[in-house]
*Asks:* 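Below is one structure. I have some questions about it.
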4 protein chains.
Amino acid sequence: MSRPQDLAKRNRILDAALQIFGEVGYAKATIKDIARVADIAPGTVYTYFADKRELFRETVQSAWTELHTELDRIRRSDDSYPTKLSRLRRTGLALLKRMHPILNGMFSESVRMDLFNVNLERFLDQLEELFMESRERGEIHELQDHRQRRFLLRTIACGLLLQISIVDAEHLDAEIERLHEDLERNEQSWLDMNRMLGGNR
Amino acid sequence: MSRPQDLAKRNRILDAALQIFGEVGYAKATIKDIARVADIAPGTVYTYFADKRELFRETVQSAWTELHTELDRIRRSDDSYPTKLSRLRRTGLALLKRMHPILNGMFSESVRMDLFNVNLERFLDQLEELFMESRERGEIHELQDHRQRRFLLRTIACGLLLQISIVDAEHLDAEIERLHEDLERNEQSWLDMNRMLGGNR
Amino acid sequence: MSRPQDLAKRNRILDAALQIFGEVGYAKATIKDIARVADIAPGTVYTYFADKRELFRETVQSAWTELHTELDRIRRSDDSYPTKLSRLRRTGLALLKRMHPILNGMFSESVRMDLFNVNLERFLDQLEELFMESRERGEIHELQDHRQRRFLLRTIACGLLLQISIVDAEHLDAEIERLHEDLERNEQSWLDMNRMLGGNR
Amino acid sequence: MSRPQDLAKRNRILDAALQIFGEVGYAKATIKDIARVADIAPGTVYTYFADKRELFRETVQSAWTELHTELDRIRRSDDSYPTKLSRLRRTGLALLKRMHPILNGMFSESVRMDLFNVNLERFLDQLEELFMESRERGEIHELQDHRQRRFLLRTIACGLLLQISIVDAEHLDAEIERLHEDLERNEQSWLDMNRMLGGNR
DNA sequence: CATGAATGAGCGTTCATTCAT
DNA sequence: AATGAATGAACGCTCATTCAT
């Protein structure tokens with residue numbers, strides 16, 4: 001079955017889905033509500049998506065894909081390591097902010113649909129690539145062994161994800177700002193410590 | 001409406017709810033299934049809990065309360081700081097393991113019911129108390145300022161929570177074991193670094 | 001899942017189903033309409049029947065079962081062969097009359113659910129038993145070989161079934177009466193011919 | 001609304017309708033599927049037929065019309081009575097075979113749309129015409145009075161129709177063959193008996 | 001207090017039909 | 001005349017909740 005080409009309408013549906021899934025979670029979100037927000041008839045949703053599951057899947061996956069793409073772009077840039085970290089921080093938090101509505105309701109269904117683990121590991125892989133490349137350029141020293149690093153990366157990534165997801169919309173901007181600063185200061189500590197320990201070697 | 005006194009039956013319902021909510025998530029869990037597992041009639045659930053929301057609320061809160069109680073006990077013990085850290089690690093992961101079934105399906109509803117933030121902050125408060133007390137006894141030096149520490153604690157706590165919640169039951173034991181080791185090694189690094197930097201002062 | 005014991009209500013639902021399935025056919029019959037006729041809430045239907053298919057199945061099968069039972073009773077009676085034929089005619093047509101509402105809409109779904117062939121063959125088997133027994137008692141001579149007889153029995157049975165099913169309710173009584181007479185006269189011809197040919201042997 | 005002149009396309013739609021109605025029955029057949037098989041857009045169906053009901057009506061009627069035409073041709077031929085019977089048998093069963101897909105799902109809708117009775121009676125009328133003419137030519141003797149004969153004809157016609165309709169596609173050829181033989185043997189018995197009784201007069 | 005049958009609002013989904021292109 | 005995306009009413013079915021027993 002071929003899908004119509006009206007990408008604008010498809011995106012209106014995805015935006016509406018993002019909003020509604022975010023507001024009430026997957027199970028309580030209704031196609032009728034999503035259609036109402038997208039300003040179309042309920043039946044039209046099924047012209048663009050096979051069923052509720054696929055709509056959710058596409059909604060979530062589009063956010064992950066954006067993250068992967070951005071991280072890839074940062075990695076391939078000519079920026080210095082600290083600049084890359086800074087860009088990553090800004091990009092990641094901006095995406096989290098945009099995805100905030102859905103984060104809260106997405107974990108359980110994402111996991112059930114196997115959308116979470118695959119994307120998380122892919123994200124971590126790219127992050128490690130970035131570190132490897134920077135180390136090869138002599139921009140950083142290694143602090144931990146592979147496993148330890150992976151553990152910390154995963155834990156921090158999950159930690160940020162969950163922290164954003166539990167903020168209510170009202171305080172979202174302030175929280176993002178706070179995390180931004182905290183991450184920046186933390187990075188500075190790491191860079192300092194890295195330099196210090198690197199110098200000690 | 002006054003509540004009946006049969007606490008044994010109330011707990012049977014809570015256990016059944018923990019199991020069913022965990023297996024299928026809040027939205028897909030049915031009162032009928034919970035009642036069947038608790039070996040009572042569906043209507044009886046409403047003698048002990050006002051509605052499905054309250055049943056979920058009580059189910060989740062009982063797990064948190066257990067965590068708070070355990071952490072309090074550890075804090076008040078006479079153990080050394082490394083021992084306390086070790087006990088905390090073991091206790092926390094054991095509870096996470098027991099709560100695993102429900103973790104996956106609980107975030108969105110927990111947040112919506114404001115069960116998450118309050119309990120998380122209370123947990124972090126206790127954790128900080130533990131650090132303060134240990135520092136006062138000269139067992140540790142401070143590495144970061146209050147805010148930085150809070151950020152790291154919250155991020156790591158959330159990170160562990162989310163990591164456990166996305167593991168499927170089959171790999172749960174292996175994952176718990178892995179996290180246990182990773183945390184232990186990480187703690188050792190911190191202790192080493194703490195000692196090193198402390199010595200520098 | 002055990003079913004409640006309120007047989008009166010179950011039968012009210014079956015009667016309503018008979019009426020509605022008969023009026024509009026399986027596909028266009030709605031659970032809501034059946035529930036309305038049975039004077040219950042739509043959901044209640046699902047307390048007594050698993051789904052629409054099972055409700056239809058039970059509705060149709062109950063009629064066939066009644067026919068099998070009646071034919072069995074006639075066979076085992078002490079009546080003479082002509083009396084048995086007469087009783088069979090009356091019983092069969094009476095049942096067809098009662099089932100008339102559903103006949104029209106039932107063929108296609110019955111066949112799809114494999115309700116038709118099995119019951120038809122069972123009916124024909126019993127009919128043949130009746131002939132065999134009567135022949136053993138010397139009440140009839142055989143006119144045709146087994147296959148020819150089976151063919152005629154099946155064709156006539158199907159023919160009567162279809163004829164009744166295509167009569168509209170308004171003319172049902174007259175049609176039943178007409179078929180009754182026609183069958184009676186036909187039987188008489190057969191008996192005459194049987195006697196004639198029997199006498200010739 | 002005037003109808004377009006593209007008869008080839010109209011027939012493609014009718015053929016597709018015959019196939020789809022036959023495969024799944026009236027209610028489950030969709031205009032989209034019929035359009036897909038006919039290789040046109042769904043909307044185009046409504047250029048040639050007012051709605052789904054009319055499309056079904058035309059589909060079924062075209063089959064009946066074919067039967068009437070064929071029977072008429074046989075009647076008007078110069079063949080002898082036994083040859084005519086034989087041709088009728090062959091023609092009828094061949095048409096039933098071709099119509100098999102639709103038979104199963106058509107009774108209820110056909111009756112509801114009053115397509116069945118009229119065509120059946122017209123078919124029986126033609127059949128009787130054939131007998132009358134053959135009797136006038138002295139080819140057969142009469143066995144029964146008008147009413148008795150009409151009853152038997154109608155019953156056997158309906159019986160054959162229903163028997164074919166309940167055969168699944170897989171066994172259709174074998175069943176047609178079987179009915180062919182049974183009818184032939186039965187006709188022979190009738191002819192024999194007719195001759196015997198005729199000779200007695 | 002316990003029961004469990006009854007309730008009925010509301011879900012995801014389908015599809016005959018329309019109509020702007 | 002042909003298209004096919006859009007429509008929205010209506011379906012089968014679920015299940016939190018109630019209440020007569």
Side-chain angles (χ1 to χ4, degrees), chain A residues 1-6 9-10 27-36 38-55, chain B residues 1-6 9 27-36 39-55, chain C residues 1-6 9-10 27-36 38-55, chain D residues 1-6 9 27-36 39-55:
Chain A
M1 180 198 324
S2 71
R3 292 279 155 66
Q5 300 304 313
D6 191 341
K9 188 169 289 183
R10 189 175 192 276
K28 283 186 194 143
T30 72
I31 296 292
K32 272 194 172 79
D33 280 346
I34 291 171
R36 188 175 37 71
D39 202 25
I40 54 170
T44 305
V45 172
Y46 291 85
T47 307
Y48 292 86
F49 303 93
D51 53 21
K52 191 185 177 184
R53 276 177 66 92
E54 188 185 299
L55 175 56
Chain B
M1 183 203 314
S2 71
R3 291 283 155 66
Q5 299 305 311
D6 191 340
K9 188 171 288 184
K28 282 182 197 149
T30 71
I31 296 291
K32 226 176 202 129
D33 280 347
I34 292 170
R36 187 176 38 71
D39 204 26
I40 55 169
T44 306
V45 172
Y46 290 84
T47 308
Y48 293 85
F49 302 93
D51 53 22
K52 194 184 177 185
R53 277 177 64 91
E54 188 186 300
L55 175 56
Chain C
M1 179 198 326
S2 72
R3 292 281 154 67
Q5 300 304 312
D6 191 342
K9 188 169 289 182
R10 188 175 192 277
K28 284 187 194 144
T30 73
I31 297 292
K32 271 194 172 79
D33 280 347
I34 292 170
R36 189 176 37 71
D39 202 26
I40 55 170
T44 305
V45 172
Y46 292 86
T47 307
Y48 292 85
F49 303 93
D51 53 22
K52 191 184 177 185
R53 277 177 64 92
E54 187 185 301
L55 175 55
Chain D
M1 185 202 315
S2 72
R3 291 285 154 65
Q5 299 306 311
D6 191 342
K9 188 171 288 184
K28 282 183 196 147
T30 69
I31 297 292
K32 228 176 201 125
D33 280 347
I34 293 171
R36 187 176 38 72
D39 203 26
I40 54 169
T44 307
V45 172
Y46 290 85
T47 307
Y48 292 85
F49 302 93
D51 53 21
K52 194 184 177 185
R53 277 177 63 93
E54 188 185 300
L55 174 56

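Sequence lines set the chain letters: A, B, ... in the order given, protein chains first and strands last, and positions in each chain run from 1.
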*Asks:* Give me the atom names and distance for the closest heavy-atom approach of P42(C) to I31(C).
*Replies:*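 For P42(C) versus I31(C), the nearest heavy atoms are O-CG2, 4.0 Å.
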*Asks:* Would you mind reading off the distance between E54(A) atom CD and dG12(E) atom P, rounded to a whole angstrom?
*Replies:*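 One finds 15 Å between P of dG12(E) and CD of E54(A), rounded.
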*Asks:* Looking at CD of E54(B) and OH of Y46(B), how far apart are the two atoms once the value is rounded to the nearest 0.5 Å?
*Replies:*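 Nearest 0.5 Å value for the CD-OH distance: 11.0 Å.
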*Asks:* Rounded to the nearest angstrom, tell me the gap between atom CG in D39(A) and atom P in dA6(F).
*Replies:*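 Rounding to the nearest Å, CG of D39(A) and P of dA6(F) are 12 Å apart.
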*Asks:* So do the side chains of L55(D) and Y48(D) get within less than 4.5 Å of each other, counting heavy atoms only?
*Replies:*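 They are not in side-chain contact.
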*Asks:* Taking atom P of dA6(E) as reference, at what distance in whole Å does atom CZ of R10(C) sit?
*Replies:*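 Atom CZ in R10(C) sits about 13 Å away from atom P in dA6(E).
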*Asks:* Closer than 4.0 Å, any side-chain N/O of T44(A) to the OP1 or OP2 of dT7(F)?
*Replies:*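 For dT7(F), OP1 or OP2 has a side-chain N or O of T44(A) closer than 4.0 Å.
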*Asks:* Going by salt bridge (Lys or Arg N to Asp or Glu O under 4.0 Å), name the residues that satisfy it together with K28(C), two or more places apart in sequence or in a different chain.
*Replies:*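 Here the qualifying residues are E109(D).
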*Asks:* Please give, in whole Å, the distance from dA10(F) P to R36(C) CZ?
*Replies:*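 Going from R36(C) (CZ) to dA10(F) (P), I get 14 Å.
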*Asks:* State the CG-CD1 distance between D6(B) and I40(B), to the nearest 0.5 angstrom.
*Replies:*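 It is 10.0 Å, given to the nearest 0.5 Å.
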*Asks:* What's the separation between atom OG1 in T30(D) and atom CZ in R36(D), rounded to the nearest 0.5 Å?
*Replies:*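 Output value for this atom pair is 7.5 Å.
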*Asks:* Just by protein heavy atoms under 4.0 Å, how would nucleotides 16-21 of chain E read 5' to 3' in B, S and -?
*Replies:* SBB---
*Asks:* Starting at the 5' end of DNA chain E and moving along, which residue's nearest nucleotide shows up first, V45(B) or A41(C)?
*Replies:*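 With V45(B) and A41(C) compared, the 5'-side residue is V45(B).
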*Asks:* Supply the atom-to-atom distance T47(A) OG1 to K9(A) NZ, rounded to the nearest 0.5 angstrom.
*Replies:*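 The distance works out to 8.5 Å.
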*Asks:* Answer yes or no: is there a donor N or O on one side and an acceptor on the other, between the side chain of K52(B) and the main chain of A29(B), under 3.5 Å?
*Replies:*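 Side chain of K52(B) to backbone of A29(B): a pair is present.
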*Asks:* Taking both distances under 3.5 Å as the test for a Watson-Crick or G-U pair, what stems of at least three pairs does DNA chain F have?
*Replies:*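 Expected stems, ordered by start: E:2-21 with F:2-21.
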*Asks:* OP1 or OP2 of dA1(F) sitting under 4.0 Å from any side-chain N/O of Y48(D)?
*Replies:*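 For dA1(F), OP1/OP2 do not have a side-chain N/O of Y48(D) under 4.0 Å.
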*Asks:* Whole Å only: how far is the CD1 atom of I34(D) from the C1' atom of dG4(F)?
*Replies:*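 My rounded result for the distance is 17 Å.
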*Asks:* Measure the CZ-CG distance between F49(B) and D51(B) for me, rounded to the nearest 0.5 Å.
*Replies:*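 Output value for this atom pair is 11.0 Å.
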*Asks:* What is the distance, rounded to the nearest whole Å, between atom CG of D6(C) and atom P of dA6(E)?
*Replies:*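 Roughly 6 Å, once rounded to whole Å.
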